[in-house]
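To start, the structure itself, in structure tokens.
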Amino acid sequence: MERTCLFTGHRDIPSGVNQLIFTKTEEMVERLIKEGYLYFCAGGALGFDTIAAFAVLKLKERYPDVRLILVLPCLSQTKGWSSEDVKTYENIKKQADKVVYTSEKYTRGCMHKRNRHLVDNSSACIAYLTKSKGGTAYTVDYAIKRGLTVFNIAEHL
């Protein structure tokens, strides 16, 4: 837990900033690796979770002890996604070191359950937060209340 970092962020990323967000996330992850962090947990959602997972996978090439853990809300998370997004999700899942489901089926509260699990099992949080409402804001607020160190990538763009 003390060497574990979670990711939380918006699904909708403004066009044109994906690469910048990837670069900033990669820099922050590498900084945490150098501080002794080994476990990086993503929620498997579209947008920032996907960017963050790819940043960890890229860094694993240089830091083979690093682990990507997917903490997924339910087995049917990709329902309604485009085939391209499902393909990307499955690719990340195949490369992850561990996959955890916090619920078997989709329920109204399964995303919050996943987000609380991420926070409760981490000591740091890398976020992409630009809005004061929604799941990402809830997760960042919860992380702050639980005493996690929070880095907001959006503040460095």
Side-chain angles (χ1 to χ4, degrees), residues 1-14 17-18 20-33 35-59 66-81 85-86 88-89 92-93 95-157:
M1 193 169 117
E2 70 279 350
R3 295 185 298 168
T4 302
C5 175
L6 75 104
F7 298 105
T8 186
H10 304 302
R11 286 177 180 83
D12 296 322
I13 306 290
V17 296
N18 275 19
L20 184 56
I21 292 170
F22 177 87
T23 301
K24 293 292 181 188
T25 302
E26 184 182 21
E27 288 169 1
M28 183 56 63
V29 170
E30 187 164 30
R31 182 174 135 196
L32 289 176
I33 290 168
E35 290 177 16
Y37 280 77
L38 293 175
Y39 306 101
F40 294 87
C41 303
L46 297 171
F48 183 69
D49 280 0
T50 300
I51 291 169
F54 278 126
V56 173
L57 291 172
K58 182 178 176 195
L59 286 164
V66 166
R67 298 290 175 255
L68 174 64
I69 300 164
L70 295 182
V71 179
L72 307 177
C74 60
L75 294 168
S76 61
Q77 178 169 349
T78 60
K79 186 178 180 185
W81 291 16
D85 287 338
V86 171
T88 300
Y89 172 86
I92 291 169
K93 234 167 76 169
Q95 295 181 73
D97 296 286
K98 184 177 180 182
V99 178
V100 175
Y101 292 94
T102 55
S103 298
E104 195 171 307
K105 294 184 179 175
Y106 178 83
T107 62
R108 197 165 161 256
C110 73
M111 300 295 178
H112 279 305
K113 184 177 180 182
R114 183 240 359 239
N115 293 343
R116 286 190 301 270
H117 178 94
L118 285 163
V119 171
D120 291 343
N121 292 283
S122 299
S123 60
C125 170
I126 298 175
Y128 174 70
L129 176 65
T130 62
K131 302 170 191 158
S132 59
K133 291 185 169 139
T136 300
Y138 167 87
T139 305
V140 169
D141 287 345
Y142 184 59
I144 291 167
K145 285 178 184 147
R146 299 280 301 188
L148 275 68
T149 304
V150 176
F151 307 95
N152 186 1
I153 297 296
E155 294 172 356
H156 303 280
L157 299 180

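Keep in mind that what you see is a predicted model, and the values were worked out from it rather than measured.
- Rounding to the nearest 0.5 Å gives a distance of 4.5 Å between CD1 of Ile92 and OG1 of Thr50.
- Annotation: side chain of Ile51 is not in contact with side chain of Phe7 (no heavy-atom distance under 4.5 Å).
- Here Arg3 pairs with Leu38 under the side-chain contact (heavy atoms from CB on, under 4.5 Å) rule; sequence neighbours left out.
- Taking all atoms of both residues into account, the shortest heavy-atom contact from Cys110 to Cys74 is SG-SG, 4.3 Å.
- Tyr89 pairs by the side-chain contact (heavy atoms from CB on, under 4.5 Å) definition with Leu72, Gln77, Thr78, Trp81, Lys93, not counting sequence neighbours.
- Residues Leu59 and Glu26 form a side-chain contact, since some pair of their non-hydrogen atoms from C-beta on lies under 4.5 Å apart.
- With a 6.0 Å radius and a threshold of 12 heavy atoms from other residues, nucleotides or ligands, Asn18 has its CG atom above the threshold.
- Interatomic distance, CG of Leu129 versus OG1 of Thr139, reported as 9.5 Å (0.5 Å rounding).
- Residues Asn115 and Leu6 fail the side-chain proximity criterion, which asks for heavy atoms closer than 4.5 Å.
- Smallest separation of non-hydrogen atoms from Val71 and Cys41: CG2-CB, 4.4 Å.
- Partner Asp120 forms a salt bridge (charged side-chain N to carboxylate O under 4.0 Å, His left out) with one of Lys113, Lys145, Arg146 and no other, that one being Arg146.
- In terms of modelled atom types and a separation under 3.5 Å, the side chain of Asp97 and the main chain of Ile69 share no donor-acceptor contact.
- In this structure the side chain of Ile126 reaches within 4.5 angstrom of the side chain of Leu32, judged on heavy atoms.
- A donor atom on one side chain and an acceptor atom on the other are not found under 3.5 Å apart for Tyr39 and Asn121.
- Interatomic distance, Phe22 CZ to Glu27 CD, rounded to the nearest 0.5 Å: 10.5 Å.
- Distance OG1/Thr25 to CZ/Phe54: 13.0 Å, rounded to 0.5 Å.
- Residues Val17 and Ile13 come closest through the heavy atom pair CG2-CG2, 3.7 Å.
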Original post:
Under the side-chain contact (heavy atoms from CB on, under 4.5 Å) criterion, do Val100 and Leu70 qualify, and how do the steps go?
Top reply: CA-CA 6 Å; Val100 175; Leu70 295 182; over 6 Å; no

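- Checked against Arg114 for a side-chain contact (heavy atoms from CB on, under 4.5 Å), the options Met111, His112, Arg116 give a single hit: Met111.
- Contact annotation: the side chain of Leu118 never approaches that of Tyr142 to less than 4.5 Å [non-hydrogen atoms, C-beta and beyond].
- Put simply, the side chain of Phe151 does not reach to within 4.5 Å of the side chain of Ile153, judged on heavy atoms.
- Between Tyr37 and Phe40, the angle of the ring planes lies from 30° to 60°, which puts this pair in the tilted group.
- Looking only at distances, a side-chain donor or acceptor of Thr136 sits under 3.5 Å from a matching main-chain atom of Gly9.
- Between His10 and Phe48, the distance separating the two ring centers is not shorter than 6.0 angstrom.
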Original post:
Are Val119 and Cys125 close enough, and set up right, to give a side-chain contact (heavy atoms from CB on, under 4.5 Å), and what steps lead you there?
Top reply: CA-CA 8 Å; Val119 171; Cys125 170; over 6 Å; no

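- No side-chain donor-acceptor contact under 3.5 Å links Ser123 to the backbone of Thr149.
- Residues Asp49 and Ala42 share a closest heavy-atom pair of O-CB, 4.1 Å.
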Subject >> Stepwise side-chain contact (heavy atoms from CB on, under 4.5 Å) test for Val140 and Thr8 >> reply: CA-CA 8 Å; Val140 169; Thr8 186; 3.8 Å; yes

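- One finds a salt bridge joining Arg31 and Glu35 here, because a Lys/Arg side-chain nitrogen approaches an Asp/Glu carboxylate oxygen to under 4.0 Å.
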